[in-house]
Amino acid sequence: MAAVSSLMPAPHYKMVIFDFDGTLADSGDWFLSISDELADRFRFRRVLPEEIEMLRGQSSREVIRYLRVPRWRLPAIGRFVHARLAEQTDRIALFDGVVPMIEALVAAGVRLALVTSNSQHNACAILGPRITDHIEHFECGASLFGKAPRYRKVLRRAKLSADQVFSIGDETRDIAAAHKVGIKAGAVMWGYANRVALARLSPEAMFETPDAVLDLVLGRQPDPAAAN
């Protein structure tokens, strides 16, 4: 076994920081199911069905402007959404391939962290103990544009430098926050934002499947981020 292990490539990164909604958890349809209620309650424009794909191509700031969401209401909107989701976590599933991806990373010695705008209660309820037991650091309840300080906190707590960590999310704000801290970022193609919107932020990698995450992080293929 030792001889086989010695032939395995070393992981490119010591830690992966994951986003939650749209990256690990398939919560997009649930959020859309309450969007009209949110719009009416917090007095912004409803999302029309024909606008959904267009909005997926916009940044979070652009979506907020388009829907005329009052910025000062964002914290209250977040609290309302998290409270409602806490009552309905059984409606949210993990994306296919997430559990084996996490287990393969852990087996290879890669440390894990979660940085999300959602609450830790909701994240843990949806992930289940099988995954949450593997997550070393939780930074939950981040404001919509407040993930960068959470990334810095993870680096301090984990005692790692930015170049030892890779961040993975599904929105433009995930990429922007990671880059602000000096962390390389990957974008998943199965989440909220579309390929064009994500590519504009120049992530170091774009992942079609969870297995592609393993190819990069575990060194099963050359790291395209190393040249950036």
Side-chain angles (χ1 to χ4, degrees), residues 16-35 38-39 44 47 51-67 69 71 73-75 77-82 85 92-95 97-98 101 112-120 122-123 126-127 138-154 165-210 212-213 216 225:
V16 173
I17 301 176
F18 283 105
D19 169 54
F20 178 64
D21 291 294
T23 302
L24 301 179
D26 188 2
S27 49
D29 288 343
W30 181 86
F31 281 113
L32 281 175
S33 76
I34 67 165
S35 64
L38 290 176
F44 59 87
V47 178
E51 293 177 316
I52 293 173
E53 189 57 35
M54 178 272 293
L55 291 173
R56 290 182 66 239
Q58 306 298 310
S59 70
S60 299
R61 294 180 191 277
E62 290 169 334
V63 172
I64 287 170
R65 284 197 298 268
Y66 183 83
L67 297 180
V69 180
R71 291 287 295 269
R73 285 188 177 270
L74 291 175
I77 294 171
R79 289 191 296 271
F80 180 84
V81 170
H82 299 160
L85 180 56
I92 310 299
L94 301 179
F95 286 106
V98 161
M101 173 186 70
L112 304 178
L114 190 75
V115 175
T116 176
S117 298
N118 214 322
S119 71
Q120 184 168 340
N122 290 345
I126 294 166
L127 290 171
F138 287 88
E139 284 296 326
C140 302
S143 64
L144 192 61
F145 301 110
K147 282 193 168 183
R150 303 302 185 108
Y151 288 136
R152 291 192 185 97
K153 190 172 181 180
V154 169
V165 177
F166 199 83
S167 170
I168 299 176
D170 74 306
E171 295 186 60
T172 56
R173 63 192 178 100
D174 298 325
I175 301 169
H179 284 172
K180 186 174 182 179
V181 180
I183 297 173
K184 292 171 181 174
V188 303
M189 297 296 98
W190 56 81
Y192 169 73
N194 68 24
R195 182 183 301 273
V196 173
L198 293 166
R200 285 201 299 263
L201 274 291
S202 301
E204 279 71 26
M206 299 176 77
F207 302 114
E208 300 291 341
T209 65
V213 172
L216 185 148

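Values reported hereafter were calculated over all heavy atoms of this structure, with side chains retained and with hydrogens, waters and symmetry mates removed. Since this is a predicted model, take the numbers as computed values, not measurements. Sequential numbering from 1 along the given sequence is applied to the chain's residues.
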To the nearest 0.5 Å, what is the distance between [atom1] ([X]) and [atom2] ([Y])?
| X | Y | atom1 | atom2 | value |
| --- | --- | --- | --- | --- |
| Q120 | L127 | CD | CG | 10.0 Å |
| E204 | I168 | CD | CD1 | 11.5 Å |
| F20 | L94 | CZ | CG | 7.0 Å |
| S143 | R173 | OG | CZ | 8.5 Å |

What I'd like to find out is whether the side chain of [X] reaches to under 4.5 Å of the side chain of [Y], using heavy atoms alone.
| X | Y | result |
| --- | --- | --- |
| I64 | L74 | yes |
| M101 | F207 | no |
| T172 | R200 | no |
| S117 | K147 | yes |

Non-hydrogen atoms of [X] and [Y] that approach each other most closely:
| X | Y | answer |
| --- | --- | --- |
| A205 | F166 | CB-CZ, 4.2 Å |
| F44 | L67 | CB-O, 3.3 Å |
| P210 | V98 | CG-N, 4.3 Å |
| I183 | V165 | CG2-O, 3.5 Å |
| P75 | R71 | CD-O, 4.0 Å |
| D19 | L114 | O-CD1, 3.8 Å |

Identify, with sequence neighbours excluded, every residue that meets side-chain contact (heavy atoms from CB on, under 4.5 Å) alongside [X].
| X | value |
| --- | --- |
| T209 | D211, A212 |
| A148 | R152, A177, K180, V181 |
| Q58 | M54, E62, V63 |
| R73 | F42, R43, P70, I77 |

With sequence neighbours excluded, residues passing salt bridge (Lys or Arg N to Asp or Glu O under 4.0 Å) with R56: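 For R56, the residues satisfying salt bridge (Lys or Arg N to Asp or Glu O under 4.0 Å) (neighbours in sequence not counted) are E53.
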List for me each residue that meets salt bridge (Lys or Arg N to Asp or Glu O under 4.0 Å) alongside K153, sequence neighbours excluded, and say none if there are none.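 With sequence neighbours excluded, K153 shows a salt bridge (Lys or Arg N to Asp or Glu O under 4.0 Å) to E139, given in chain and number order.
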List, one per line, each side-chain donor-acceptor pair under 3.5 Å for residues 185-196, sequence neighbours excluded.
{"unit_1": "W190", "atom_1": "NE1", "unit_2": "T23", "atom_2": "O", "d": "2.9"}
{"unit_1": "Y192", "atom_1": "OH", "unit_2": "L55", "atom_2": "O", "d": "3.2"}
{"unit_1": "N194", "atom_1": "OD1", "unit_2": "V196", "atom_2": "N", "d": "3.2"}
{"unit_1": "N194", "atom_1": "OD1", "unit_2": "A197", "atom_2": "N", "d": "2.9"}
{"unit_1": "R195", "atom_1": "NH1", "unit_2": "E208", "atom_2": "OE2", "d": "3.0"}
{"unit_1": "R195", "atom_1": "NH2", "unit_2": "E208", "atom_2": "OE1", "d": "3.3"}
{"unit_1": "R195", "atom_1": "NH2", "unit_2": "E208", "atom_2": "OE2", "d": "2.5"}

Between side-chain atoms of residues 24-32 and protein atoms elsewhere (two or more places apart, or another chain), which donor-acceptor pairs fall under 3.5 Å?
{"unit_1": "S27", "atom_1": "OG", "unit_2": "D21", "atom_2": "OD1", "d": "2.7"}
{"unit_1": "W30", "atom_1": "NE1", "unit_2": "Q88", "atom_2": "OE1", "d": "2.8"}

Is there a donor-acceptor pair under 3.5 Å between the side chain of R150 and the backbone N or O of C140?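 Indeed, once roles are kept as given, a pair shorter than 3.5 Å links the two residues.
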